[in-house]
S.K.: 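Below is a structure I'd like to ask you about.
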Amino acid sequence: MLDGLSHPTASSTQRLRLPACPLCGGSTFRPVVTVESHPVVRCRSCDLQLTNPQPSDAELAAIYGPDYVLAADDSPAHAVIVRSKRATADHYLDLLVHAGAPQGAKLLEIGCGAGNFLLQATQRGYDVTGVEYSPYACARARQTLGGVGRVLQGEIEVVAAEIGTYDIVVLCDVIEHVRQPADFLRKVLTALRPGGLLLVVTPSTASWSAQVMGRRWMELKPEHLFYFSPATLTRQLNQTGFQAVALHRGTKLLSLDYVTAHFEKYPVAGIRATLRLLRAIVPAAWSQRPVRIVASGIIALARKPANAARP
Ligand SMILES: [Zn+2]
């Protein structure tokens with residue numbers, strides 16, 4: 001889900017060339033692919049992939065229209081998608097419990113979208129706060145939560161005063177949209193209490209879908225400014241003061257209906273045809289049932305050091 005930082009105003013039409021890799025400082029890049037006129041390159045020193053030059057504020061503002069966050073939820077397969085999202089949220093919550101998340105934890109999600117993850121978190125007894133840039137998505141999230149928890153409109157700065165407050169921070173499909181991931185993660189670190197947990201979900205260049213689909217990988221989008229791998233994400237987290245706890249291949253609970261709807265919206269020739277065929281022959285009860293599949297992402301669990309000084 002989009003959110004977090006750097007929601008641009010349409011003020012600047014200038015693309016931003018990064019002279020050095022924000023992760024390692026390296027200054028030589030190798031071309032990888034061009035996504036709708038935006039070059040994606042790989043740092044020769046650390047392997048981080050990034051869009052460089054980065055899209056202008058005006059280009060990003062045009063992409064992040066009012067319905068960007070909610071577009072998926074408003075598709076005809078709405079109910080199926082919501083079911084899949086909530087099942088995926090339960091998987092992330094299981095990982096957090098496994099990593100030692102305390103009962104009744106204070107949980108902050110940056111980029112909470114329509115609030116599906118937060119709803120599942122409240123059902124585990126967590127005290128939830130969502131931050132969401134889009135006012136439309138905020139309204140939807142409040143409706144989803146039915147008055148439980150807090151939903152704040154804005155970016156991570158709206159919780160800047162809540163220092164050392166949260167047991168858990170969750171970033172689902174956010175970090176790849178942020179102009180300055182290191183600054184953003186330092187703000188997350190500040191919001192966490194010492195020993196608190198961070199869960200990050202982001203597309204992974206090491207995923208099977210990236211490897212198999214190559215230039216047609218569905219995660220290649222102009223608004224994705226950084227593409228991490230397990231190695232570069234771990235380095236980024238360590239560099240900003242987190243201790244890595246665990247990396248998991250991103251699994252999502254998806255139904256055949258969900259996947260078919262996705263590829264109808266973002267067609268990839270052979271895959272769309274195969275899915276249409278499958279969808280035609282599989283009984284409806286099966287095609288709506290979420291199944292755990294290894295998806296295009298990586299899930300990282302990290303911890304703020306327990307002995308971290310309170311700022
Ligand atoms: Zn680098």
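Basis for what follows: all heavy atoms, side chains included, without hydrogens, waters or symmetry-related copies. As the structure lists them, so they are numbered: ligands from 1, and atoms in each ligand from 1.
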S.K.: Give a yes or no on whether a salt bridge exists between E132 and R140, defined as a side-chain N under 4.0 angstrom from a carboxylate O.
M.R.: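 Salt bridge absent between E132 and R140.
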
S.K.: If you leave out waters, which protein N, O or S atoms are less than 2.8 Å from the Zn ion (ligand 1)?
M.R.: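 Those protein N, O or S atoms (cut-off: under 2.8 Å from the Zn ion (ligand 1)) are C21 SG, C24 SG, C43 SG, C46 SG.
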
S.K.: If I take atom CG from residue D167 and atom CG from residue L197, how far apart are they, to the nearest 0.5 angstrom?
M.R.: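 Separation between the atoms: 8.5 Å.
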
S.K.: Taking the inter-plane angle between the rings of Y227 and W217 on a 0 to 90° scale, is it parallel (under 30°), tilted (30 to 60°) or perpendicular (over 60°)?
M.R.: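 Tilted: the ring planes of Y227 and W217 meet at 30° to 60°.
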
S.K.: Any Lys/Arg nitrogen of R150 or D127 sitting under 4.0 Å from an Asp/Glu carboxylate oxygen of the other?
M.R.: no

S.K.: Who pairs with R15 by salt bridge (Lys or Arg N to Asp or Glu O under 4.0 Å), at least two apart in sequence or on another chain?
M.R.: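 Partners of R15 by the salt bridge (Lys or Arg N to Asp or Glu O under 4.0 Å) criterion, ordered by chain and then number, come out as E59.
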
S.K.: Between Y92 and F117, how do the two ring planes meet: parallel, tilted or perpendicular, split at 30° and 60°?
M.R.: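 Ring orientation of Y92 relative to F117: tilted.
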
